[in-house]
Amino acid sequence: MLSVLSPTRTDDLRDLVAKVEAGERLDFDDGVRLFRSHDLLTIGQMADQVNRRLNGGQYVYFNQNRHINPTNVCAFHCNFCSFARPREDSPGAYTWTPEEIVERIRPDVHPRVTEFHIVGGLHPRLGFDYYENILRALKAAYPWVHLKAFTAVEIDFFAQLTGWDHETVLRRLMAAGLGSMPGGGAEIFHPEVRRRICPEKADADTWLSIHRTAHRLGLHTNATMLYGHIERYEHRVDHLLRLRALQDETGGFQTFIPLRYHPENNNLGRQLDWTTAHDTLKTLAVSRILLDNFPHIKAYWIMLTPPIAQLALHFGADDIDGTVVEEKIYHEAGATTEESLDKFDLLRLIKAVGKIPVERDTLYNIIEIYDKPIEYYAPPSRKTARGQVKITRIELN
Ligand code: V47
């Protein structure tokens, strides 16, 4: 008999819950079952448990960073991308010189900015020295800032440009100031999907091999997965398990970032809608459960919106990225979030869900733990609905 006190479940995940409680690994079929399940709260609890085991569960990391996209001119034609422009004279195309980049970001760089996140188009007519010079110029102007730069797809493009192997390209970039690599360009590894959404891009084996080489050279890297478009749950699980296998081998990944597909202003989006918040929370949680060897899972607030990023902190995520300041890839594709949040916004976002904010650098060295109450005045740039300037005293406990 049905009763509101004993609601029926569409499925039963008890055996998987027991596996996670025992610290056992889930396999491919388990992963697909989790994705097919609608029992979001059970999956969230499982992910929370893994997060507690790995990170204690109460800390949430953020950093003060600045994104830099040096050019949007790109030789590739990925179906999901709204950022790229095919030619230098295409409407909206831009390419900044290294000197322009240094000056453009100067107002935003202060001593507590610890990271520049640098990714961009694969410019068909610039030489490799352009990318090296960007790193050199940034290091010369802001020597304390870590350079997390260039996805594996960019590294592969530089190898084609120069005729060098991936290791040589990476060594050259390290000599110019490269400190680590971001996780972009992974999209969905499975060839059935990859050839439909980004046929020109480095394939899965190449992407993984470049990260393997980077780890061998002592670089830490991140990994991503672009979800919520034409892929099936099997493709997501395949993607996650390939990353888990490489991490078993090298231990060089720091953070996994599931990237929610944004369907505006790109070819793929013509017939696709936004995936749901339910799917987003489930994807974060299943990632946390399957990637039991990844130290961190990031809920990138720009892409998720701050409210969903907050919920994600109860579904396995322990990082929300940083201040960002200027964001193009998601805003061209329909993101409605701010482009920047300041440190206090991030503290508020994290403290509001009962977690302790931890300011970190790119390599997760701790800069400050915010475990005491904080009082501050919100900046006068905040306006009321009537356009009046409002300075508010805010207390964070
Ligand atoms: O590789 C492009 C994705 C990535 C769209 O390592 C899109 O800390 C959704 O990798 N909808 C670049 N996603 C961003 C990235 C990243 C972001 C934040 C932190 C880190 C990190 C890495 O953006 C691309 C691609 O997968 N992307 N277009 C779109 N329409």
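Atoms within each ligand, like the ligands themselves, are counted from 1 in listed order.
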Enquirer: Under 6.0 Å between ring centres, would you say that holds for Phe80 and His229?
Expert: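 For Phe80 and His229, the ring centres are not under 6.0 Å apart.
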Enquirer: What are the atoms of ligand 1, with element, lying closer than 4.0 Å to any heavy atom of Asn222?
Expert: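 Reading through ligand 1 atom by atom, the close ones are 6 (O), 8 (O), 21 (C).
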Enquirer: Going by the order shown, which atoms of ligand 1 are within less than 4.0 Å of some heavy atom of Ile257?
Expert: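 So the atoms of ligand 1 that pass are 6 (O), 8 (O), 20 (C), 21 (C).
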Enquirer: Given the ring of Phe128, does Arg172 sit roughly above its face, with NZ or CZ under 6.0 Å from the centre of the six-membered ring and within 45° of the axis?
Expert: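 So Arg172 doesn't make the cation-pi contact.
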Enquirer: Closest approach of Ala333 and Asn266, non-hydrogen atoms and distance?
Expert: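 Minimum heavy-atom contact is CB-ND2, 4.3 Å.
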Enquirer: If we only consider heavy atoms of Arg260, is any one of them less than 4.0 Å away from an atom in ligand 1?
Expert: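 Arg260: in contact with ligand 1 (<4.0 Å).
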Enquirer: Counting from 1, what ligand 1 atoms have a heavy atom of Thr224 closer than 4.0 Å?
Expert: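 In order of number, 10 (O).
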Enquirer: Compute whether any side-chain donor of one residue and acceptor of the other, for Thr221 and His211, lie under 3.5 angstrom apart.
Expert: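 Distance-only check passes for Thr221 and His211.
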Enquirer: Would you please test Val353 and His314 for side chain to side chain contact (heavy atoms under 4.5 Å, CB included) and show each step?
Expert: CA-CA 8 Å; Val353 299; His314 294 298; 3.7 Å; yes
Enquirer: Quick test: of every protein heavy atom, which one is nearest to atom 23 (O) of ligand 1, and how far off is it to 0.1 Å?
Expert: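 Closest protein heavy atom to atom 23 (O) of ligand 1: Tyr330 OH, 3.3 Å.
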Enquirer: Short list, please: which atoms of ligand 1 are under 4.0 Å from a heavy atom of Ala333?
Expert: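 The atoms of ligand 1 under 4.0 Å from a heavy atom of Ala333 are 30 (N).
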Enquirer: Yes or no on side-chain hydrogen bond (donor to acceptor under 3.5 Å, both in side chains) for Glu88 and His123, after CA distance, side-chain angles and deciding distance?
Expert: CA-CA 9 Å; Glu88 282 164 321; His123 198 295; 3.3 Å; yes
Enquirer: Whether Arg194 and Glu187 form a salt bridge (side-chain N of Lys/Arg under 4.0 Å from carboxylate O of Asp/Glu) is what I want to check.
Expert: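 Looking at Arg194 together with Glu187, the answer is no, because their closest N to O distance does not fall below 4.0 Å.
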Enquirer: Of all the non-hydrogen atoms in the protein, which one sits nearest to atom 10 (O) of ligand 1, and at what distance?
Expert: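 For atom 10 (O) of ligand 1, the nearest protein heavy atom comes out as Gly184 CA, 3.0 Å.
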Enquirer: For the residue pair Asp279 and Tyr227, confirm or rule out a side-chain donor-acceptor distance under 3.5 Å.
Expert: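 Result is no, nothing qualifies.
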Enquirer: If we set the cut-off at 4.0 Å for heavy atoms, which region of Asn266 has an atom near ligand 1: side chain, backbone, both, or neither?
Expert: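 The side chain, only.
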Enquirer: Is ligand 1 under 4.0 Å from a heavy atom in the side chain of Thr255, in the backbone, in both, or in neither?
Expert: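 Answer for Thr255: neither.
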Enquirer: In ligand 1, which numbered atoms sit nearer than 4.0 Å to a non-hydrogen atom of Tyr300?
Expert: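 With Tyr300 as reference, the close atoms of ligand 1 come out as 17 (C), 18 (C).
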Enquirer: Consider only side-chain heavy atoms of I, L, V, M, F, W and Y, link residues closer than 4.5 Å, and tell whether Leu217 and Leu135 are in one cluster.
Expert: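 Yes, Leu217 and Leu135 fall within the same hydrophobic cluster.
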Enquirer: Between the side chains of Tyr94 and Asn69, does any donor sit under 3.5 Å from an acceptor?
Expert: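 Absent: no donor and acceptor within the cut-off.
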Enquirer: Nearest protein heavy atom to atom 12 (C) of ligand 1, by residue and atom, and its distance?
Expert: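 Sorting protein heavy atoms by distance from atom 12 (C) of ligand 1 puts Ile329 CD1, 4.1 Å first.
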Enquirer: Just which atoms of ligand 1 are under 4.0 Å from any heavy atom in Lys148?
Expert: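 Those atoms are 6 (O), 8 (O), 21 (C).
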Enquirer: Among all protein non-hydrogen atoms, which one is nearest to atom 29 (C) of ligand 1, and what is the separation to 0.1 Å?
Expert: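 Result for atom 29 (C) of ligand 1: Phe80 O, 3.6 Å.
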Enquirer: Measure the distance from atom 11 (N) of ligand 1 to every protein heavy atom, then report the residue, atom name and distance (to 0.1 Å) of the closest one.
Expert: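 Minimum-distance protein heavy atom for atom 11 (N) of ligand 1 reads His262 N, 2.8 Å.
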Enquirer: Among all the protein's non-hydrogen atoms, which is closest to atom 20 (C) of ligand 1, and how far away is it?
Expert: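 So the nearest neighbour among protein heavy atoms is His117 CE1, 3.4 Å.
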Enquirer: Indicate whether the side chain of Thr362 and that of Glu115 have a donor and an acceptor atom separated by less than 3.5 Å.
Expert: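 Thr362 vs Glu115: donor-acceptor pair found between side chains.
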Enquirer: Cluster question for you: counting only ILVMFWY and a side-chain heavy-atom cut-off of under 4.5 Å, with indirect links fine, are Tyr61 and Leu347 together?
Expert: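 No; tracing contacts between hydrophobic side chains, which count when under 4.5 Å, never links both residues.
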Enquirer: Of the side chain and backbone of Lys298, name the one, both, or neither that has a heavy atom under 4.0 Å from an atom of ligand 1.
Expert: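 Lys298 to ligand 1: side-chain contact only, backbone stays beyond 4.0 Å.
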Enquirer: For the backbone of Gly185 and the side chain of Glu154, can you confirm whether one donor and one acceptor N or O come within less than 3.5 Å of each other?
Expert: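 Here the side-chain-to-backbone pair does not exist.
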Enquirer: Among the heavy atoms of Val119, does any lie under 4.0 Å from an atom of ligand 1?
Expert: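 Heavy atoms of Val119 never come under 4.0 Å of ligand 1.
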Enquirer: List the closest protein heavy-atom neighbour of atom 24 (C) of ligand 1: residue, atom name, distance to the nearest 0.1 Å.
Expert: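 Going by distance alone, atom 24 (C) of ligand 1 is nearest to Glu187 OE2, 3.9 Å.
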Enquirer: List ligand 1 atoms under 4.0 Å from Leu226, heavy atoms only on the residue side.
Expert: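 Close to Leu226: 7 (C), 9 (C), 13 (N).
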Enquirer: Which is it for Pro182 and ligand 1 at heavy atoms under 4.0 Å: side chain, backbone, both or neither?
Expert: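 Both the backbone and the side chain of Pro182 come within reach of ligand 1.
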Enquirer: With heavy atoms of Gly185 as the reference, note each atom of ligand 1 found under 4.0 Å away.
Expert: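 Listed by number with element: 1 (O).
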Enquirer: For atom 6 (O) of ligand 1, what is the nearest protein heavy atom, given as residue, atom name and distance?
Expert: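 Protein heavy atom with the smallest distance to atom 6 (O) of ligand 1: Gly183 N, 2.9 Å.
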